[in-house]
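Structure first, then comments.
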Amino acid sequence: MKMSSKLITAVFITAALFLTTNVNAQTTPAKALIFSAGADAGIPTGNLTIGSDFSLGGTLRLQYGITNNFAITLTSGADHFFSKIDPATGQRFDSFGVIPIKAGIKEFFVPNIYFGIEGGVAFEETDNGVGNTKTLISPAVGWGNKRWDVGIRYDSYLGQNDPYGLVVLRVAYGFTL
C-alpha cells in the first residue's frame with residue numbers, strides 16, 4: 001500500500017473516532033434547504049506534491065434534506081495551491097488553482113456523524129489561464145449539526161494521465177433558506 005493511501009486511511013479513521021465521541025443533536029432536517037460557506041485547508045497528494053505543499057480555499061454548498069438522515073448536495077468553490085521553489089531553477093513553480101463543481105449525497109449514519117460522496121468536474125487555473133478539466137470524486141466523513149459542519153474529504157482529480165489528490169479539512173457555517 002502506498003504511503004499516501006495509508007495516510008488517507010489513517011486520517012479517515014482518526015476523524016471517525018474523534019467525531020463519534022460527541023454525538024448530541026439532530027442530523028439534517030427533512031425538506032429543508034441549507035446553505036453553507038466553508039473554509040478549506042488541504043494537503044496535496046500524488047503529482048501535485050512536486051510543486052505544492054499546502055492549499056487553502058473556500059466552498060459554498062446547498063444541501064437539501066430528503067429525510068432526517070439523508071441529503072443531496074451541490075458544492076462549488078476554489079482551492080489555491082501554494083507553490084514550492086523549484087530546486088533546479090531556484091524559482092517558484094507556477095501558481096495553480098482548481099474550481100470544482102460537484103453534486104452528491106450525505107448520509108447521517110448516527111446523529112451528527114455523516115458519510116458523504118460527491119462527483120463532478122474541476123477546472124484547473126494556472127498563471128497562463130485555464131488548464132485542463134478533470135473528473136472529480138470526493139468521499140468525506142464529518143460532523144454536522146443545524147449550523148456547523150466539520151468534515152474531512154479526499155478530492156481525487158482524474159484525467160489527462162495526470163492524477164492527483166487533496167486531503168481537505170472543511171469548517172463551514174450554514175443556515176436554513
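Between the side chain of Gln160 and the backbone N or O of Thr133, at least one donor-acceptor pair lies under 3.5 Å. With hydrogens and angles ignored, the 3.5 Å screen pairs a side-chain donor or acceptor of Thr49 with a backbone N or O of Gly46. A donor-acceptor pair under 3.5 Å links the side-chain atoms of Ser76 to the main chain of Pro100, judged by distance alone. A donor-acceptor contact shorter than 3.5 Å links the side chain of Asp127 to the backbone of Ser95. Panel note: side chain Lys134, backbone Tyr157; no donor-acceptor pair is recorded below 3.5 Å. Between the Asn68 side chain and the Ala30 main chain, a donor and an acceptor come within less than 3.5 Å of each other.
In this structure, CZ on Arg92 lies 4.5 Å from CD1 on Ile85, to the nearest 0.5 angstrom. To the nearest 0.5 Å, atom CG of residue Leu56 and atom CG of residue Asp40 are 9.0 Å apart. Atoms OG1 and CG, on Thr135 and Leu158 in that order, are 6.5 Å from each other to the nearest 0.5 Å. For the atom pair CG (Leu177) and OH (Tyr64), the distance works out to 12.5 Å, reported to the nearest 0.5 Å. Taking CD of Glu125 as the reference point, atom CD1 of Ile99 lies at 4.5 Å (rounded to 0.5 Å).
Remark: the Thr59 side chain and the Arg153 side chain contain no N/O donor-acceptor pair separated by less than 3.5 Å. Side chains of Asn112 and Asn145: no donor on one and acceptor on the other come within 3.5 Å. When only modelled atom types and interatomic distance are considered, Ser156 and Tyr164 share no side-chain donor-acceptor pair under 3.5 Å.
Under the 4.5 Å side-chain heavy-atom criterion for ILVMFWY residues, no single connected hydrophobic cluster contains both Leu169 and Phe54. Transitive grouping of hydrophobic side chains (ILVMFWY, heavy atoms separated by less than 4.5 Å) brings Ile66 and Leu62 into a common cluster. The hydrophobic cluster containing Leu60 also contains Ile105, counting ILVMFWY residues as joined when their side-chain heavy atoms lie under 4.5 angstrom apart, directly or transitively.
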side-chain contact (heavy atoms from CB on, under 4.5 Å) between Ser83 and Gln91, intermediate numbers included: CA-CA 10 Å; Ser83 57; Gln91 301 293 318; over 6 Å; no
Worked verdict on Ser55 versus His80 for side-chain contact (heavy atoms from CB on, under 4.5 Å): CA-CA 5 Å; Ser55 77; His80 176 75; over 6 Å; no
Derivation of the side-chain contact (heavy atoms from CB on, under 4.5 Å) call for Tyr154 and Thr45: CA-CA 10 Å; Tyr154 180 75; Thr45 64; 2.9 Å; yes
Decide side-chain contact (heavy atoms from CB on, under 4.5 Å) for Leu166 and Leu48; before the verdict, give the C-alpha distance in whole Å, the side-chain angles of both, and the deciding distance to 0.1 Å. CA-CA 9 Å; Leu166 184 63; Leu48 262 182; 5.7 Å; no
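Taking the six-membered ring for Trp, Phe175 and Phe35 have ring centres closer than 6.0 Å.
A 4.5 Å side-chain heavy-atom check between Phe108 and Phe70 finds every atom pair outside the cut-off. Using a 4.5 Å heavy-atom cutoff, the side chains of Gln63 and Ser36 are not in contact. Counting heavy atoms from C-beta outward, Val168 and Asp155 have side chains that approach closer than 4.5 Å.
Residues in residues 50-66 take part in these salt bridge (Lys or Arg N to Asp or Glu O under 4.0 Å) pairs, two or more places apart or across chains: Asp53-Lys84, Arg61-Glu118, Arg61-Asp149.
Pairing each heavy atom of Thr176 with each of Ala32, the nearest pair is CG2-CB, 4.4 Å.
Between Phe96 and Phe81, the angle of the ring planes lies from 30° to 60°, which puts this pair in the tilted group.
Among Ile101, Asn132, Val98, Leu136, the single residue meeting the side-chain contact (heavy atoms from CB on, under 4.5 Å) criterion with Phe123 is Ile101.
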